[in-house]
2 protein chains.
Amino acid sequence: MKTPASPVRRPRDGTLKTALVDAGVALLRKRGPDGLSLRKCAAQAGVSHAAPAYHFKNLAGLSTAIAARGYSVFCQTMTARLEQADASAMDRLNAICHGYLDFASTQPELFLFIFSGQSFNKEDDEFDRHSSNAYAILREACAPFVPSGAEPEEVEILVWSVVHGYAHLTMTRKADSPRFRDSWPKLDLLLEHLDRALETGREPGR
Amino acid sequence: MKTPASPVRRPRDGTLKTALVDAGVALLRKRGPDGLSLRKCAAQAGVSHAAPAYHFKNLAGLSTAIAARGYSVFCQTMTARLEQADASAMDRLNAICHGYLDFASTQPELFLFIFSGQSFNKEDDEFDRHSSNAYAILREACAPFVPSGAEPEEVEILVWSVVHGYAHLTMTRKADSPRFRDSWPKLDLLLEHLDRALETGREPGR
DNA sequence: CCATTAAACTTGACACTGTCAAGATAAGTC
DNA sequence: GACTTATCTTGACAGTGTCAAGTTTAATGG
């Protein structure tokens with residue numbers, strides 16, 4: 001008698017998966033990380049409560065997919081800055097640093113989510129692809145500053161630490177404390193120090 | 001007829017509050033941030049499921065108390081390093097940086113918890129006390145490196161960014177990626193760069 | 001065109017969660 | 001010894017993730 005549900009009947013092209021991730025990102029933005037739930041994503045996408053689990057196995061799976069999406073726009077944001085930079089190595093490095101901060105400040109929930117320390121499913125292809133790509137962008141920008149014979153990670157982690165620390169503290173602390181209302185220094189101020197450190201590292205005689 | 005519960009009958013000196021925080025920290029360590037729950041803390045402390053809400057109002061309240069505890073041992077860890085340092089400003093600064101990393105690596109769950117970006121109850125006295133104290137320790141160690149006429153935050157955030165970025169990336173990324181199995185640089189390598197940057201900043205003529 | 005098959009869901013159930021209202025108990029006070 | 005109040009307990013409810021089983025539908029092969 002009753003046609004039980006069949007609400008949207010979307011084509012079988014994997015639309016639902018991306019729709020669920022869309023819903024997850026929106027929920028993250030609106031309700032914060034605690035507001036994220038399989039059932040709410042399902043409701044927002046117009047499917048039954050158990051539909052997400054079919055595609056993502058469990059909540060960790062959905063979280064991984066959302067994190068992959070996060071890394072994807074992370075890469076886009078850095079690339080956008082990179083395209084505006086001139087060809088000089090220093091300008092390109094500063095560009096990705098500003099792109100890093102752009103992402104953190106325009107997408108604070110996604111930024112904190114992917115760096116929350118929760119363990120995502122590293123087997124996931126999409127996740128691995130986008131997160132690796134983010135590091136590749138960093139690596140490429142750092143390459144000109146690696147002294148011959150040195151490990152590239154020495155420069156990469158230095159750069160990454162400065163910009164990530166600044167971005168992460170900005171997101172987690174600045175808003176918290178009235179202490180930093182107007183005195184929070186600009187990123188460029190840190191980058192001046194960083195640039196000088198890398199310049200000296202460039203000359204083999206130090 | 002039945003004496004309903006009255007399981008432990010602890011004295012009214014606020015023991016339960018700290019016992020619940022103990023349980024929360026233990027749960028965080030054992031089960032991760034998702035394993036933390038009011039009911040499990042209650043069970044571990046031997047009280048009924050609603051007892052924690054009486055003392056902490058809600059889960060956010062308990063989380064804030066746990067974070068306050070986290071900041072407390074954070075301060076202790078940095079202070080411990082400070083006591084082993086000699087009187088030189090540079091040695092003291094490096095000491096708190098190493099203390100920072102000590103805390104992150106010996107208490108990874110607490111470290112990630114307090115820097116998870118979730119908004120704790122900033123009205124809470126204990127929380128405010130310990131988190132402010134942590135920043136005060138940093139500020140004191142940075143003070144000798146602030147050029148006259150400059151904002152202290154310029155140095156503080158630079159130092160904090162480097163060491164926090166390094167610690168946070170170490171905790172969130174290093175374990176993830178096989179990429180960094182042996183190549184992850186030591187903190188001292190970054191501190192050399194930082195120390196040089198601060199030395200030059202000290203001389204007004206740059 | 002129709003039967004079959006497998007993918008993409010839905011339905012229903014269960015244990016667990018935070019939160020609230022109401023009751024119980026015991027310690028301290030007069 | 002009555003009273004008051006802080007400290008819990010009990011019971012309930014809505015929301016959660018997850019699983020098992022059923023249902024629909026698209027694609028396939030004859």
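Each chain gets a letter, A, B and so on, in the order the sequences are listed, and its residues count up from 1. Bear in mind that the values here come from a model prediction, so they are computed numbers and not experimental data. Computation of the quantities below employed the complete heavy-atom set of this structure, encompassing side-chain atoms and omitting hydrogens, waters and symmetry-equivalent molecules.
- Within the structure, salt bridge (charged side-chain N to carboxylate O under 4.0 Å, His left out) pairs that include any residue of residues 26-50 of chain B do not occur (at least two apart or interchain).
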(request) Quick one, give me the B/S/- string for nucleotides 15-22 of chain D, reading 5' to 3', where B means a protein heavy atom under 4.0 Å from the base and S means that only happens at the primed atoms, P, OP1 or OP2. (result) -BBBB---

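- Put simply, CG on Leu16(A) is 16 Å from P on dT25(D), counting in whole angstrom units.
- Put simply, CG on Leu62(B) is 13 Å from P on dT17(C), counting in whole angstrom units.
- Sorted by first then second residue, the side chain to side chain donor-acceptor pair (under 3.5 Å) pairs that include residues 58-68 of chain B, not counting sequence neighbours, number zero.
- For the ring pair (Phe, Tyr, Trp, His ring centres under 6.0 Å) test, no residue two or more places apart in sequence or in another chain qualifies with His49(A).
- Phe56(B) has its CZ atom 13 Å from the P atom of dT19(C), to the nearest Å.
- Following rounding to the nearest Å, His55(B) (NE2) and dG18(C) (P) show an atom-to-atom distance of 16 Å.
- Here Asp91(A) pairs with nothing under the salt bridge (charged side-chain N to carboxylate O under 4.0 Å, His left out) rule; sequence neighbours left out.
- Distance, Tyr54(B) OH to dT10(D) P: 17 Å, rounded to whole Å.
- Under the salt bridge (charged side-chain N to carboxylate O under 4.0 Å, His left out) criterion, Glu154(B) pairs with no residue, sequence neighbours left out.
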(request) Kindly indicate, with the supporting measurements, whether the criterion side chain to side chain donor-acceptor pair (under 3.5 Å) is fulfilled by Tyr135(B) and Trp160(B). (result) CA-CA 10 Å; Tyr135(B) 195 79; Trp160(B) 201 11; over 6 Å; no

